[in-house]
Amino acid sequence: MALWLGLLLGLALLGGLIYWLIITTEGVFLGQRLVVWLYDITAHKYDGIKEFDDEAERFFVVRPLRYHLRHLPNPLVLDVATGTGRLPSYLLDEATFNGRVIGLDPARKMLDLAVPKLAPYRGRIMLTQGTAVPLPFPANHFDAVTCLESLEFFPSDTAALREMARVLKPGGVLFVTRRRGKEAKFFLNRYHSREQFENILTNLGLDEVNTQPWQFDYDQVFGKKRMTHDA
Ligand SMILES: C[S@@+](CC[C@H](N)C(=O)[O-])C[C@H]1O[C@@H](n2cnc3c(N)ncnc32)[C@H](O)[C@@H]1O
């Protein structure tokens, strides 16, 4: 009896560990290749799971970004971990946005789903396969760099943020998300409190860093690259 109970307990613990490693934290503790592979094999389900609400996306994602870019006639935006093209598609659909967007993601299947969505904006969108570190762009290049709902899945969020700060022009805007809520704590040593996350951005040369509550599991965090910062 004791043997069976022990076996059951062991199996339950193993199941919990596998669930935590693969489902809750999406493979991040097992390496970047697994994370990207998981996104590749589940890409066809991504938009269905997320059920993006057009009005909410325009109000909570496009509007604040447009506000930060309001003085620029043709801004150049980099969307890191663009996935199935969420941010570029909503931003380029905005009539008052006359800029261009580059979307970068390592998961080929996610990018493949972005292609038809972004076809109407040919000439103003470029999709490229790659990871957040290193970013294949020169320093001081973009008016805005965005990264939504992704940092916690990167091998090092700080290294990725450093790269984003590097490619931002002085005065350019960074718009990223910080994982929050109950599940965020399951990312163990990768979890940052609001204060810690803001400090990371400040130390990377960003000013006017501010956090806005967004969804139950994400904050939006904005910052502006310091004019004098040597990236
Ligand atoms: C939750 S999805 C978010 C996609 C999109 N930003 C959105 O909001 O719908 C996370 C994305 O991060 C990408 N990703 C995973 N590891 C990455 C890395 N090391 N560098 C850049 N992107 C990565 C995945 O391929 C996936 O498309």
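First listed ligand is number 1; within each ligand, the first listed atom is number 1. Atom set for the values below is all heavy atoms of this structure, side chains included, hydrogens, waters and symmetry mates excluded.
- Between the side chain of Gln129 and the backbone N or O of Pro106, at least one donor-acceptor pair lies under 3.5 Å.
- In this comparison of Trp37, Phe52, Phe154, the heavy atom closest to atom 17 (C) of ligand 1 sits on Phe154.
- Within a 6.0 Å sphere centred on CZ of Arg58, heavy atoms belonging to other residues, nucleotides or ligands number more than 12.
- Of all the listed residues (Glu163, Arg86, Glu149, Lys109), Arg86 holds the heavy atom that lies closest to atom 8 (O) of ligand 1.
- Taking every non-hydrogen atom of Thr82 and a distance limit under 4.0 Å, the qualifying atoms of ligand 1 come out as 5 (C).
- Remark: ligand 1 atoms within the under-4.0 Å shell around heavy atoms of Gly83 are 4 (C), 27 (O).
- Grouping the Ile, Leu, Val, Met, Phe, Trp and Tyr side chains by contacts below 4.5 angstrom, directly or via other members, places Val133 apart from Phe153.
- Given atom 15 (C) of ligand 1, the protein heavy atom at minimum distance is Val35 CG1, 3.8 Å.
- Counting protein heavy atoms only, atom 9 (O) of ligand 1 is closest to Tyr46 OH, 2.7 Å.
- Judged purely by atom type and a 3.5 angstrom limit, Arg226 uses its side chain to pair as donor or acceptor with the backbone of Thr202.
- Among all non-hydrogen protein atoms, the one lying nearest atom 19 (N) of ligand 1 is Gln32 OE1, 2.8 Å.
- Distance from atom 20 (N) of ligand 1 to its nearest protein heavy atom, with residue and atom name: Ala132 N, 3.0 Å.
- Annotation: side chain of Arg179 is not in contact with side chain of Phe186 (no heavy-atom distance under 4.5 Å).
- Of the protein's heavy atoms, Ala81 O, 3.3 Å lies nearest to atom 5 (C) of ligand 1.
- Side chain of Asp105 to backbone of Gly83: a donor-acceptor contact under 3.5 angstrom is found.
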Check the pair His68 / Phe222 against ring-ring contact (aromatic ring centres under 6.0 Å, His included), numbers first and verdict last. CA-CA 9 Å; His68 284 283; Phe222 298 88; 4.9 Å; yes
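- Heavy atoms of Pro155 come nearer than 4.0 angstrom to ligand 1 in at least one pair.
- Using a cut-off of 4.0 Å between Lys/Arg side-chain N and Asp/Glu carboxylate O, Asp47 and Lys117 are scored as salt-bridged.
- Those atoms of ligand 1 with a heavy atom of Met110 less than 4.0 angstrom away are 27 (O).
- Donor-acceptor pairing under 3.5 Å is lacking for the side chains of Tyr218 and Arg180.
- A salt bridge is defined here as a Lys NZ or Arg NE, NH1 or NH2 lying under 4.0 Å from an Asp or Glu carboxylate O, and Arg86 with Glu57 meets this definition.
- For ligand 1, the atoms lying closer than 4.0 Å to a non-hydrogen atom of Leu148 are 3 (C), 5 (C), 6 (N), 8 (O).
- A side chain to side chain contact (heavy atoms under 4.5 Å, CB included) with Leu78 is found for exactly one of Leu135, Leu168, Asp143, namely Leu135.
- Distance from atom 22 (N) of ligand 1 to its nearest protein heavy atom, with residue and atom name: Pro106 CD, 3.1 Å.
- When heavy-atom distances to ligand 1 are checked against a 4.0 Å cut-off, Asp79 has no atom that comes that close, whether in backbone or side chain.
- Looking from atom 11 (C) of ligand 1 to the surrounding protein, the closest heavy atom is Ser150 OG, 3.6 Å.
- Nearest protein heavy-atom neighbour of atom 13 (C) of ligand 1: Asp105 OD2, 3.4 Å.
- Atom numbering of ligand 1 starts at 1 in the shown order; those under 4.0 Å from a heavy atom of Ala107 are 25 (O).
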